[in-house]
Amino acid sequence: MPELPEVETTRRGLLPALKNRHIIDVVVRDARLRWPVEADFASHLRGQLVVDVDRRAKYLLVKLQEGFAVWHLGMSGSLRIVPSHVPARLHDHVDLVLNDGKTLRFNDPRRFGCVFWTDDPLRHKLLRSLGPEPLNDEFHVSYLAAKAKGRSVAIKQFIMNANIVVGVGNIYASEALFHAGIRPRRAAGRIKRDELAKLVKSIKKVLSAAIKQGGTTLRDYVNTDGAPGYFRQKLFVYERVNEPCRVCKTSIVQLTQGQRSTYYCPVCQR
DNA sequence: AAAGACACCTGGGAGC
DNA sequence: TGCTCCCAGGTGTCTT
């Protein structure tokens with residue numbers, strides 16, 4: 001499910017619900033996530049005050065007085081705030097019970113997500129070599145051009161590589177390439193500088209617009225209130241194979257890159 | 001170092 | 001109805 005806009009939407013929902021609350025209990029119903037929930041996870045969190053909720057790439061950083069609870073939603077994970085008396089449902093794997101009668105509840109059918117405690121998330125193995133945030137000023141055309149130089153990998157897979165830039169997943173990679181007018185299979189190293197400049201702008205624009213709409217719900221993504229995101233209506237190519245391009249009416253084409261579906265308009269993108 | 005394949009897992013939809 | 005197959009918002013790890 002979640003790319004950067006969905007994770008950011010989740011962060012914004014969590015912040016007012018978690019900040020300045022105490023975690024009075026932790027329930028781990030199923031520790032078998034992508035990486036098993038560690039045995040001492042609950043004891044690290046129990047009794048702690050939540051100080052802030054931040055985000056790095058697609059990781060949510062729940063800042064505690066001592067260390068952080070770091071969450072990744074994987075493909076199908078979601079975090080909701082529910083009244084603590086609501087019974088857990090299928091795939092509700094982890095709860096943080098708060099001192100205000102509410103519970104932060106993690107649901108993840110495919111169990112590709114993970115959660116762990118750490119005292120220094122940015123130096124953690126999973127986060128330390130991540131590229132820049134796409135919405136920050138450090139992500140600019142000169143940076144991208146330097147990284148792309150000499151690379152033969154397809155531009156779509158290149159911008160989905162979190163070591164290059166974080167947060168661009170399968171939906172927004174196709175969408176950003178459409179808006180930049182670039183075909184997804186072109187080698188990253190052969191994209192001209194002015195095209196890369198357009199691509200940087202498109203990535204920023206698409207992600208910002210999606211955040212404004214609360215993200216994209218295709219199947220099971222919901223925000224912390226259980227509501228879907230509404231950016232799906234604004235998609236130009238993703239999951240629109242054989243439908244007319246919203247700009248030129250040409251049929252949208254689907255292909256496979258790196259075992260993922262890619263969508264593009266053969267006329268608008270060159 | 002870079003590129004590509006594969007792995008993890010469940011559920012929903014299509015086709016028979 | 002029920003089976004099989006394919007596909008899905010991610011990304012670490014292994015092989016070439």
Side-chain angles (χ1 to χ4, degrees), chain A residues 1-11 29-37 55-60 70-79 89-93 106-116 124-131 134 146-176 184-190 203 206-207 209-211 213-223 227-235 237-241 254-263:
Chain A
M1 96 53 233
E3 299 185 38
L4 188 144
E6 294 75 37
V7 179
E8 176 61 18
T9 299
T10 299
R11 186 195 71 79
R29 290 184 201 80
D30 194 340
R32 299 172 305 160
L33 302 182
R34 171 134 200 220
W35 288 279
V37 182
R55 180 187 58 73
R56 173 72 176 107
K58 297 171 190 168
Y59 292 90
L60 286 162
V70 179
W71 238 299
H72 195 290
L73 303 179
M75 284 281 263
S76 59
S78 57
L79 284 164
R89 302 206 287 190
L90 189 64
H91 306 309
D92 284 340
H93 304 312
F106 178 60
N107 182 280
D108 186 5
R110 295 177 74 180
R111 289 190 275 114
F112 287 172
C114 68
V115 63
F116 56 89
H124 188 277
K125 185 183 170 190
L126 294 173
L127 286 85
R128 67 186 171 206
S129 59
L130 294 170
K147 286 286 182 184
K149 195 168 193 291
R151 297 287 298 267
S152 63
V153 68
I155 187 66
K156 192 233 185 184
Q157 289 164 283
F158 181 71
I159 60 174
M160 287 179 69
N161 180 345
N163 296 316
I164 303 300
V165 59
V166 301
V168 182
N170 206 37
I171 299 177
Y172 302 112
S174 280
E175 292 298 309
R185 280 193 290 209
R186 288 177 59 195
R190 298 197 175 197
I203 289 171
V206 166
L207 294 177
I211 290 169
Q213 298 293 312
T216 300
T217 296
L218 298 171
R219 280 160 279 275
D220 45 17
Y221 170 73
V222 289
N223 68 19
Y230 296 102
F231 194 71
R232 189 172 193 176
Q233 299 149 248
K234 311 233 168 165
L235 297 178
V237 291
Y238 190 80
E239 286 197 340
R240 296 195 65 245
V241 63
Q254 176 176 16
L255 57 88
T256 299
Q257 294 178 282
Q259 297 115 261
R260 314 294 303 274
S261 283
T262 298
Y263 303 84

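Below, chain A is the first sequence line, B the second, and so on; all start at residue 1. None of these values were measured; they are calculated from a predicted model.
Of the candidate nucleotides dG10(C), dA2(B), dG11(B), dA2(B) has the atom lying nearest to any side-chain atom of R151(A). Of all nucleotides listed (dG11(B), dT11(C), dC9(B)), dT11(C) comes nearest to the side chain of H72(A). For V153(A), the side-chain atoms get nearest to dG4(B) when compared with the rest of dG12(C), dT10(B), dG4(B). The side chain of N170(A) lies closest to dG10(C), out of dG10(C), dA2(B), dG12(C). Taking the side chain of P109(A) as heavy atoms from C-beta on, and the options dG11(B), dG12(C), dG4(B), the nearest nucleotide is dG11(B).
Among the atoms of the strands shown, only primed sugar atoms or phosphate atoms (P, OP1, OP2) are found under 4.0 Å from some heavy atom of Y59(A). L235(A) comes within contact range of no nucleotide atom at all, as no heavy-atom separation falls under 4.0 Å. At the heavy-atom level, R219(A) lies under 4.0 Å from base atoms of the strands shown. Heavy atoms of G258(A) sit nowhere under 4.0 angstrom from any nucleic acid atom.
Counting only N and O atoms by type, the side chains of N163(A) and K147(A) include no donor and acceptor under 3.5 Å apart. No side-chain donor-acceptor contact under 3.5 Å links Y221(A) and E6(A). With hydrogens and angles left out, the side-chain atoms of T216(A) and Y172(A) include a donor and acceptor closer than 3.5 Å. Defined by atom type and a distance below 3.5 Å, a donor-acceptor pair is present between the side-chain atoms of D108(A) and S76(A).
The phosphate of dA3(B) (OP1 or OP2) has a side-chain N or O of S152(A) nearer than 4.0 angstrom. The side chain of R111(A) places no N or O atom within less than 4.0 Å of a non-bridging phosphate oxygen (OP1 or OP2) of dC8(B). Considering only side-chain N and O atoms, K147(A) lies nowhere under 4.0 angstrom from the phosphate OP1 or OP2 of dA1(B). Neither OP1 nor OP2 of dT10(B) sits under 4.0 Å from any side-chain N or O of H91(A).
Ring-base stacking between F112(A) and dT11(C) is not satisfied when judged by a centre separation under 5.5 Å and a plane angle under 30°.
For E3(A) and dA8(C), the CD to C1' distance is 12 Å, given to the nearest whole Å. Residue K149(A) contributes atom NZ, which lies 18 Å from atom P of dA1(B) at whole-angstrom precision. As a whole-Å value, the separation of E6(A) CD from dG10(C) P is 9 Å. Q254(A) places its CD atom 9 Å from the P atom of dC7(C), with the value rounded to the nearest Å. With rounding to whole Å, F158(A) atom CZ is found 17 Å from dG4(B) atom C1'. Regarding Q257(A), its CD atom lies at a distance of 12 Å from the P atom of dA5(B), rounded to whole Å. In this structure, L90(A) places its CG atom 10 Å from P of dG12(B), rounding to the nearest Å. Atom-to-atom, CZ of R110(A) to P of dG12(B) comes out at 12 Å; the value is rounded to the nearest Å.
Separating the CG atom in L255(A) from the CZ atom in R260(A) is a distance of 13.5 Å, to the nearest 0.5 Å.
Base pairing analysis places dC9(B) opposite nothing; no Watson-Crick or G-U wobble pair with both distances below 3.5 Å involves it.
With P as the reference atom, dC3(C) and dC9(B) are 23 Å apart, rounded to whole Å.
Residues K234(A) and Q213(A) form a side-chain contact, since some pair of their non-hydrogen atoms from C-beta on lies under 4.5 Å apart.
Position along DNA chain C of the nearest nucleotide to K58(A) versus S261(A) favours S261(A) as the more 5'-ward residue. For R34(A) and Q157(A), each mapped to the nucleotide of DNA chain B holding its nearest heavy atom, the one lying further toward the 5' end belongs to Q157(A).
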